[in-house]
2 protein chains.
Amino acid sequence: MSLNQLLSSIGNIIPLNKSEKEELSQRVVERKIKRKQFILQESDICKHYTFVAEGYCRKYKVDDKGTEHNLQFIAENDWITEINSFYFETPSRVFIEAMEPAVILQISKPDLIYLYSSSPKFNRIFRVIIENRFAELEERVLHNISSTAEERYLAFIRTYPQLSSRIPNTQIASYLGITPEFLSKIRKNLKLV
Amino acid sequence: MSLNQLLSSIGNIIPLNKSEKEELSQRVVERKIKRKQFILQESDICKHYTFVAEGYCRKYKVDDKGTEHNLQFIAENDWITEINSFYFETPSRVFIEAMEPAVILQISKPDLIYLYSSSPKFNRIFRVIIENRFAELEERVLHNISSTAEERYLAFIRTYPQLSSRIPNTQIASYLGITPEFLSKIRKNLKLV
DNA sequence: TATAATTATTAAAATAGTTTATTTTCTGTC
DNA sequence: GACAGAAAATAAACTATTTTAATAATTATA
């Protein structure tokens, strides 16, 4: 059951005692989300820190020309939020959307603030969660500025082997910052080699 | 004096009381760094969280071909570390180097761990520091995948107006992920327009 | 102040990536 | 199992960016 998934995922960071688990469990709300349904829409305020238990999501931004740009894919047992919008209560500039039917667990900001005060461990947990994501993001920037599209594509499928097979190529292209046509070209090339 | 700079910068996140300021001040070490001197070298373990009081630094990675790629510039009153290396005590994959004669304040990992346990505020402070940097980094990824080199250059000088005038164009090009020659072309073009 | 060394600019040719348009393949649904 | 709609592949022409190489401008140092 998805709450256990969340507890064990957090337990990997720091083991929680019974009362901490209680506190956390009581403040988490489970939701079932359809494919293509939004978890967060642009210009809304991001009210939750979200744990993905089943399915996967994408976080993307729409630019002035209406083109979508994928910032992140979020697989099972991973956390997603829009930090700026969540903490500063400013309108979100991104969408978060389920790519497959999903089960998510959400914590509201007041509840999270409560948890931070109830045990210092929670502060630490959410610091570690964002630090992990930060390291990942920095890795990505590095690839973006130092690798060709082909190298980035190979790195992507190497880093997310299971997930990448579930993601349509259009979406992967948008994540890599190239057109789907050029991704096709790259894939064709790789087959020849 | 640089310790006051650090205290006031942290005070902007959460005000500290006297004893917290004491605890922090006692665990911070000031160092003067020459231009081009390293604060962290590749394959070393990052031992400190570093606050830049004067001067500015760059964090960069050297790829297989020996080319340097700038990941970040760190100006006065900002923090820098290599999260992965610092927390997991793994060899750093990046260099951090002073671009101008600098004054820095450093906290070692044991001292930071101590601070985390001494007051929950410190956990929160370093969570906020990394969250801010995270938001900045995400903005950058977005630009990288959705903007042309010219747009990225304009965004860069708009975001860091004072700092960008102190950074050589070669370094800016490396940050933008383009060649210095192409940056020249862009700058020429912008003058004409 | 002159000279060396680094940094910035320019230009031409080569490569990487986009655009537009068409065709093929895949997927879901009745 | 046939059909509609979405996703993927192909190709040609176009644009962005790199590479190489040479020159000009700036900065550091004897």
Side-chain angles (χ1 to χ4, degrees), chain A residues 34-37 55-56 58 60 63-70 73 97-101 141-157 163-193, chain B residues 34-37 55-56 58 60 63-70 73 97-101 141-157 163-193:
Chain A
K34 289 184 197 151
R35 192 171 109 88
K36 297 202 175 181
Q37 192 180 332
Y56 79 97
R58 71 179 174 123
Y60 66 95
D63 70 17
D64 317 327
K65 290 164 207 145
T67 314
E68 299 175 359
H69 302 279
N70 288 336
F73 296 110
E97 181 195 51
M99 296 286 286
E100 293 174 355
V141 169
L142 198 63
H143 267 122
N144 271 330
I145 64 177
S146 70
S147 307
T148 63
E150 179 172 306
E151 288 164 341
R152 275 180 279 146
Y153 174 63
L154 289 172
F156 179 75
I157 53 180
L163 185 62
S164 65
S165 64
R166 290 152 71 191
I167 305 176
N169 283 336
T170 337
Q171 298 300 333
I172 295 180
S174 163
Y175 178 91
L176 296 175
I178 58 176
T179 58
E181 291 82 357
F182 190 50
L183 180 53
S184 270
K185 223 186 237 180
I186 289 171
R187 287 161 55 83
K188 187 184 173 188
N189 239 314
L190 289 172
K191 274 178 212 152
L192 297 181
V193 176
Chain B
K34 287 183 197 151
R35 193 171 110 87
K36 297 203 176 179
Q37 190 179 335
Y56 78 98
R58 71 179 174 123
Y60 67 95
D63 71 17
D64 318 325
K65 291 164 207 145
T67 313
E68 297 176 1
H69 302 280
N70 288 337
F73 297 111
E97 182 196 50
M99 297 285 288
E100 291 174 354
V141 170
L142 198 63
H143 268 121
N144 270 329
I145 63 175
S146 69
S147 306
T148 63
E150 178 172 309
E151 287 164 343
R152 275 178 281 147
Y153 174 64
L154 288 171
F156 179 76
I157 54 181
L163 185 62
S164 65
S165 64
R166 290 153 71 191
I167 305 176
N169 283 336
T170 338
Q171 298 299 335
I172 294 180
S174 163
Y175 178 91
L176 296 175
I178 59 175
T179 58
E181 291 84 355
F182 190 49
L183 180 54
S184 270
K185 215 185 240 180
I186 290 171
R187 285 161 55 83
K188 187 185 175 189
N189 237 315
L190 289 171
K191 275 177 211 152
L192 297 181
V193 175

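First the proteins, then the strands, lettered A, B, ... as listed; each starts at 1.
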Counting primed atoms, P, OP1 and OP2 as sugar-phosphate and everything else as base, the B/S/- map of nucleotides 16-30 of chain C against protein heavy atoms under 4.0 Å is -BBBB----------
Separation of D/dA7 atom P from A/Lys36 atom NZ, nearest Å, is 6 Å
Here the distance between atom P of D/dT18 and atom CG of B/Asp63, to the nearest Å, is 14 Å
Here the distance between atom P of D/dA6 and atom CG of A/Asn169, to the nearest Å, is 18 Å
Taking atom types as modelled, find out whether A/Arg58 and A/Tyr175 have a side-chain donor-acceptor pair closer than 3.5 angstrom.
no
Exercise. With heavy atoms under 4.0 Å as the rule, sort B/Thr170 into base, sugar-phosphate or nothing.
Key: sugar-phosphate
When rounded to whole Å, the CG to P distance for the pair A/Asn189 and D/dA11 reads 12 Å
In whole angstroms, the gap separating P of C/dT6 from CD of B/Glu68 amounts to 13 Å
Tightest non-hydrogen contact, residues B/Arg152 and B/Ser147, listed as NE-O, 3.5 Å
Atom CD of A/Glu151 and atom P of D/dT18 are separated, to the nearest Å, by 13 Å
Does atom CZ of A/Arg166 have more than 12 heavy-atom neighbours, drawn from other residues, nucleotides or ligands, at distances under 6.0 Å? yes
Next item on the list: Starting from the C-alpha separation in whole Å, work towards a yes-or-no answer on side-chain contact (heavy atoms from CB on, under 4.5 Å) for B/His143 and B/Phe156.
Entry: CA-CA 10 Å; B/His143 268 121; B/Phe156 179 76; over 6 Å; no
A/Ile145 atom CD1 is separated from D/dT17 atom C1', nearest whole Å, by 16 Å
| When you check the phosphate oxygens OP1 and OP2 of C/dT9, does a side-chain N or O of B/Arg187 lie under 4.0 Å from one of them? | yes
Atom NZ of B/Lys188 and atom C1' of C/dT10 are separated, to the nearest Å, by 6 Å
Correct closest heavy-atom pair for A/Ala149 and A/Ile178 would be CB-CG2, 3.7 Å
